[in-house]
Amino acid sequence: MKLINVYIEHLTLQLNQLFTYACDEPVQKGCRVKVDFAHRECIGFVQETDVKSDLKNIKPVLEVIDKEPLLNEELLDLAQYISKRYVCSVISAYKTMLPPALRPSSTYKKIIYEDHVYLSSSTLPLTSKQANVYEEIKDKLPMKASEFRKLTKSLAKPLIEKGYVKLRKLPKSNDVLPSYIEDSIHELTLEQKNAIEEIENSNDSCFLLHGVTGSGKTEVFLHLAQTVLKQNKQVLFLVPEIGLTPMMIERVMARFQRKVAIYHSQLNDQEKYEQYCLVKDKKVDIVIGTRSAAFMPFDDLGLILMDEEHDTSYKQDSMPRYHTRDIALWRAKYHGCKVVLSSATPSLESYSRAYKNVYHLVSLTKRIYDQMPEIHLVDMKEERNQFGLSQRLIDAIQKTLDKNDQVILLLNRRGYLPVVRCSNCNEVMMCPDCGIALTYHKSNDSLMCHCCGNVYRFDHTCPKCHSHHFFQVGMGTERLEENIQMLFPNANIVRMDADSTKRKNAHAKLLKEFEQSGDILLGTQMVAKGLDFERVTLVGILQADNALIHSDYRSCEIAYQMLEQASGRSGRGVKKGDVYIQTYDPGHYVMQSVLKHDYLGFFRKEMSYRHLGVYPPYVFLCCIIYSHESLEKAMDVALLGKQFLSQFKVLGPLEINMRQRQKRVRLIVKSKDETQLNQTIWKLVEYHRSLKTNVKQDINMYPLILEE
DNA sequence: AGCACGCCGACT
DNA sequence: GTCGGCGTGCTC
């Protein structure tokens with residue numbers, strides 16, 4: 001009797017261990033099996049074959065699901081690395097690495113197939129009509145059966161029956177590629193040429209391309225990719241979750257034609273599966289996509305490009321909480337290829353590594369059209385606030401519209417009213433699950449929790465005192481749109497936020513609409529990222545201090561990145577651009593650094609604060625959240641956890657927002673020694689299991705955002 | 001995470 | 001005397 005070791009699906013970190021089953025059928029590492037586990041059917045993922053065991057009661061596997069391994073050796077190894085580094089189960093790493101349709105889940109996801117027609121040979125006689133059609137279409141094969149029937153009409157059947165063509169079932173494919181655009185090849189600037197040469201001629205493996213906004217980083221990317229493709233190697237092109245995804249895909253497609261796979265969260269399961277197979281079957285050389293694209297089954301990777309490397313969407317905020325940068329570096333090492341991280345506003349972590357020559361720093365200091373936009377800090381203490389706008393910004397918008405140029409306005413808050421407060425009894429509408437204020441959305445006349453996404457009916461009656469009157473304080477993008485339309489009745493306004501981009505491809509559609517006929521693009525931070533429209537010469541940022549008031553250690557870095565990136569959307573063409581930043585604190589070093597486009601100045605200042613406060617990149621952090629319906633219970637277990645971690649500096653326990661009606665308590669662990677931190681956290685997992693408590697412990701290694 | 005097991009209170 | 005409440009512990 002042959003024995004195998006499998007990981008069991010769905011069980012949390014508590015059960016990150018192998019279980020032995022008997023299996024006489026041949027089965028390989030990396031395949032799924034169906035097993036009986038604790039009196040129910042589960043999916044197991046084969047990790048080891050031909051193992052020895054002296055356990056009694058070894059059950060047989062019920063069914064071998066896969067003939068071929070789902071993951072190759074490299075990706076199986078990568079899962080072990082993710083599990084170790086991020087303190088998560090190996091099975092959770094496998095799950096994120098696979099497209100949903102192939103995940104080791106207990107519910108089978110259906111893969112839809114359709115018929116394709118292939119050329120075949122036959123000696124059976126054809127009628128002249130049949131022969132004519134056959135001659136016409138035989139060079140166009142293979143094609144979809146539906147298309148074939150359209151072309152051949154009634155002659156389809158005899159051609160198939162006589163064996164001149166044959167049918168084969170393939171997974172149904174949808175065209176996920178965006179509309180085709182013309183490629184525009186730009187003459188490289190001297191800086192760009194030097195950057196390309198420096199990267200290609202170096203023996204270093206990881207580069208940080210620091211280029212100011214509008215300096216043509218994409219063109220550098222495309223040239224580097226070209227060289228690698230000529231060597232018949234593959235290129236992975238990573239982009240952040242939103243915003244510039246459609247624009248970047250278009251440019252890569254325009255340059256390299258159709259041998260591109262695309263992978264991002266907006267694809268449905270079927271589409272993801274198709275794109276995954278394109279890579280697995282070696283039908284494409286370039287993959288462009290968001291963080292999940294980092295797990296594509298490459299066999300000969302030649303280059304990894306990571307655009308806007310500072311973007312926080314590169315870190316997954318559910319298990320496994322990996323950072324895409326770590327995955328990129330690991331895979332580059334495995335394939336012996338280069339990684340280029342790129343940003344106009346690098347993360348402090350990456351820039352400090354470049355500073356210490358861990359990464360090779362390459363800089364682009366000039367814009368293609370050589371003119372940085374001019375920044376105007378508008379001191380809101382001295383301005384009258386009209387519908388959220390200062391007179392200076394209103395004048396600037398009017399001037400820009402008069403010139404027939406375009407405007408981008410950024411307000412990082414969606415909805416209509418961020419807080420709904422009864423004007424009679426001061427009651428604030430709150431989310432019962434999260435305990436935070438609900439936002440009023442006018443479009444569907446409802447209250448939404450921006451934490452959990454729950455939507456509640458709103459009958460405009462206070463649940464406490466039954467009054468019908470509410471304060472109208474604060475503003476989100478929805479209300480701003482209304483106000484702007486009032487101020488500029490002839491302007492065509494496009495609003496882009498999480499609400500207006502919910503539908504599929506809404507992103508690309510809104511951007512197209514703005515490009516063709518829009519005057520003002522108004523939105524949340526997603527309008528700050530990567531957009532490249534030559535006619536935009538004014539960017540206005542409202543409530544710029546919002547980002548600074550968080551207590552998070554990273555809030556200044558995030559604020560700086562957001563302001564500088566948003567500023568970078570202005571004046572990207574021949575015309576000079578302006579940026580108006582409305583703030584109550586124009587003297588703040590974040591504002592002053594943005595004013596002078598002084599990244600290095602910001603970096604030095606922020607690093608000195610991080611050093612003083614003992615925060616990354618000077619130490620490694622781990623964030624642990626204990627949750628339970630009783631605050632007291634969660635607090636008790638958190639205190640035990642803190643005791644267990646007494647060798648480190650631990651902040652907390654601190655009560656934070658509830659989630660799903662569970663009270664939550666947070667610990668933050670700081671350590672200068674990464675290995676020691678990692679090992680101790682694994683011991684904490686063991687310790688927590690030994691407590692046999694029903695308080696949940698959730699671990700986030702190297703967190704980017706602390707306030708949850 | 002489920003789901004069986006087990007130890008007490010309410011009820012035909 | 002039994003039905004079922006949910007706290008606890010195990011899963012090859």
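The model shown is predicted, which means the values in this text are computed figures rather than measured ones. Chain A is the first sequence line, chain B the second, and so forth, proteins listed ahead of strands; every chain is numbered from 1.
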* **Charged N-O contact under 4.0 Å between A:Asp311 and A:Arg291** => no
* **Ion pair check, A:Lys683 and A:Glu686, cut-off under 4.0 Å** => no
* Looking at every strand, decide which applies to A:Leu55 at a 4.0 Å heavy-atom threshold: base, sugar-phosphate, or nothing. => base
Rounded distance (Å) that lies between atom [atom2] of [N] and atom [atom1] of [X]:
X: A:Arg689; N: C:dT8; atom1: CZ; atom2: P; value: 18 Å
X: A:Gln17; N: C:dC10; atom1: CD; atom2: P; value: 12 Å
X: A:Arg40; N: B:dC3; atom1: CZ; atom2: P; value: 6 Å
X: A:Phe37; N: C:dC12; atom1: CZ; atom2: C1'; value: 7 Å
X: A:Leu691; N: C:dT8; atom1: CG; atom2: C1'; value: 14 Å
X: A:Asn16; N: C:dC10; atom1: CG; atom2: C1'; value: 17 Å
X: A:Glu41; N: B:dC3; atom1: CD; atom2: P; value: 12 Å
X: A:Ile91; N: B:dA1; atom1: CD1; atom2: C1'; value: 14 Å

* To do: Flag the pair A:Phe295 / A:Tyr322 as yes when their ring centroid distance falls below 6.0 Å, and as no otherwise.
  => yes
* Partner set under salt bridge (Lys or Arg N to Asp or Glu O under 4.0 Å) for A:Asp77, not counting sequence neighbours -> none
* Asked: What's the closest nucleotide to the A:Ala38 side chain, out of C:dC12, B:dA1, C:dT11?
  -> C:dT11
* Look at A:Lys692 and C:dG9 and indicate whether a side-chain polar atom (N or O) is within less than 4.0 Å of OP1 or OP2. => no
